[in-house]
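First up is the structure itself, then whatever we jot down about it.
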Amino acid sequence: MSRDPSLVLVVDDDEGMLKSVQRLLRLHAYEPILFSSAEAFKNYTNVEKAACVIFDINLNDGSGIELRHGLKAAGVSVPVIYMTGNETPAVREAALASGCVAFLTKPFSAEELIEPLRKVSTSGL
């Protein structure tokens with residue numbers, strides 16, 4: 001299955017953050033699909049079509065890092081960007097160890113999100 005370089009999956013349980021990221025991605029010609037929970041994301045079956053997945057690390061019903069490990073275990077190798085409002089050295093280390101193209105601390109700038117997205121969507125990582 002080939003990747004769609006404009007498709008970006010976003011998982012965050014904060015409605016305001018989801019909408020902000022959605023607007024930002026659309027401004028830069030990406031097509032976001034939003035998930036407000038880990039469970040909703042787990043039910044999505046076309047993850048490998050996405051150029052990238054953006055996970056909030058701390059979700060009400062799970063963790064972005066756990067979701068990433070689940071993808072790896074299922075053999076899905078899609079680039080991941082993490083975002084968090086509660087950065088600690090242990091969280092950062094776990095996120096980086098799981099394999100991500102960017103680790104963003106909220107609030108982050110538009111460029112901090114768009115730059116790694118550009119790299120993965122043009123390189124086909």
Side-chain angles (χ1 to χ4, degrees):
M1 184 177 297
S2 65
R3 288 216 176 111
D4 177 344
S6 65
L7 182 64
V8 178
L9 309 180
V10 184
V11 185
D12 197 321
D13 52 18
D14 178 334
E15 184 77 21
M17 191 66 182
L18 269 181
K19 294 297 182 191
S20 295
V21 171
Q22 178 183 45
R23 280 191 300 275
L24 176 62
L25 292 173
R26 286 186 173 160
L27 266 172
H28 291 272
Y30 290 99
E31 186 52 47
I33 297 178
L34 309 178
F35 302 91
S36 59
S37 68
E39 196 57 41
F41 176 77
K42 287 177 188 175
N43 291 324
Y44 186 73
T45 57
N46 289 321
V47 175
E48 55 278 325
K49 284 185 73 174
C52 188
V53 180
I54 302 171
F55 286 126
D56 183 23
I57 288 180
N58 298 310
L59 300 164
N60 287 332
D61 63 343
S63 153
I65 295 171
E66 290 169 4
L67 291 172
R68 168 67 166 164
H69 288 302
L71 290 177
K72 278 184 171 180
V76 177
S77 62
V78 62
V80 167
I81 294 173
Y82 290 114
M83 55 185 179
T84 186
N86 303 310
E87 181 188 352
T88 65
V91 166
R92 175 180 275 278
E93 190 175 305
L96 295 174
S98 77
C100 61
V101 296
F103 181 89
L104 308 176
T105 303
K106 298 175 188 175
F108 48 83
S109 71
E111 195 54 36
E112 285 178 285
L113 178 62
I114 296 304
E115 186 57 34
L117 267 178
R118 266 194 212 115
K119 287 179 183 171
V120 298
S121 60
T122 57
S123 71
L125 279 178

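Among all heavy-atom pairs drawn from Ala51 and Pro5, the shortest one is CB-O, 3.6 Å. Counting all heavy atoms, side chain and backbone alike, Leu59 lies closest to Gly64 at CD1-N, 4.1 Å. Considering all non-hydrogen atoms of both residues, Val120 and Cys52 come closest at CG2-CB, 4.0 Å. When all heavy atoms are compared, the tightest approach of Ile65 to Ala94 is CD1-CB, 3.9 Å.
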### Query
Passes side chain to side chain donor-acceptor pair (under 3.5 Å), Ser6 versus Asp4? Steps please.
CA-CA 5 Å; Ser6 65; Asp4 177 344; 2.8 Å; yes
#### Entry: Evaluation steps, side chain to side chain contact (heavy atoms under 4.5 Å, CB included), between Lys72 and Val80
CA-CA 11 Å; Lys72 278 184 171 180; Val80 167; over 6 Å; no
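Residue pairs meeting the ring-ring contact (aromatic ring centres under 6.0 Å, His included) criterion with at least one member in residues 35-67, sequence neighbours excluded: Phe35-Phe41, Phe35-Tyr44, Phe41-Phe55. Within the structure, the side-chain hydrogen bond (donor to acceptor under 3.5 Å, both in side chains) test picks out the following pairs touching residues 108-117 (sequence neighbours left out): Ser109-Glu112, Glu111-Arg118, Glu115-Arg118. Within the structure, every pair that satisfies the side-chain hydrogen bond (donor to acceptor under 3.5 Å, both in side chains) test and touches residues 26-42, not counting sequence neighbours, is listed here: Tyr30-Ser121. Legend: salt bridge (charged side-chain N to carboxylate O under 4.0 Å, His left out) pairs involving residues 85-102, not counting sequence neighbours, sorted by first then second residue: Glu87-Arg92. For residues 67-88, no residue pair satisfies the ring-ring contact (aromatic ring centres under 6.0 Å, His included) rule, not counting sequence neighbours.
At a threshold of 4.5 Å between non-hydrogen side-chain atoms, the residues Ile54 and Leu113 count as touching. You'll find the side chain of Leu25 reaches within 4.5 Å of the side chain of Leu117, heavy atoms only.
A donor-acceptor pair is defined here as one N or O able to donate and one able to accept, closer than 3.5 Å; such a pair exists between the side chain of Arg3 and the backbone of Ala50. Looking only at distances, a side-chain donor or acceptor of Asp14 sits under 3.5 Å from a matching main-chain atom of Met17.
Leu18 contributes atom CG, which lies 5.0 Å from atom CG of Leu34 (distance to the nearest 0.5 angstrom). For the atom pair Ile81 CD1 and Cys100 SG, the distance stands at 9.0 Å (nearest 0.5 Å). The CG atom of Leu104 sits 9.5 Å away from atom CD1 of Ile57, with the distance rounded to the nearest 0.5 Å. To the nearest 0.5 Å, the span separating CZ on Phe108 from CG on Leu24 amounts to 7.5 Å.
For Lys106, the salt bridge (charged side-chain N to carboxylate O under 4.0 Å, His left out) partners at least two apart in sequence or on another chain are Asp12, Asp56.
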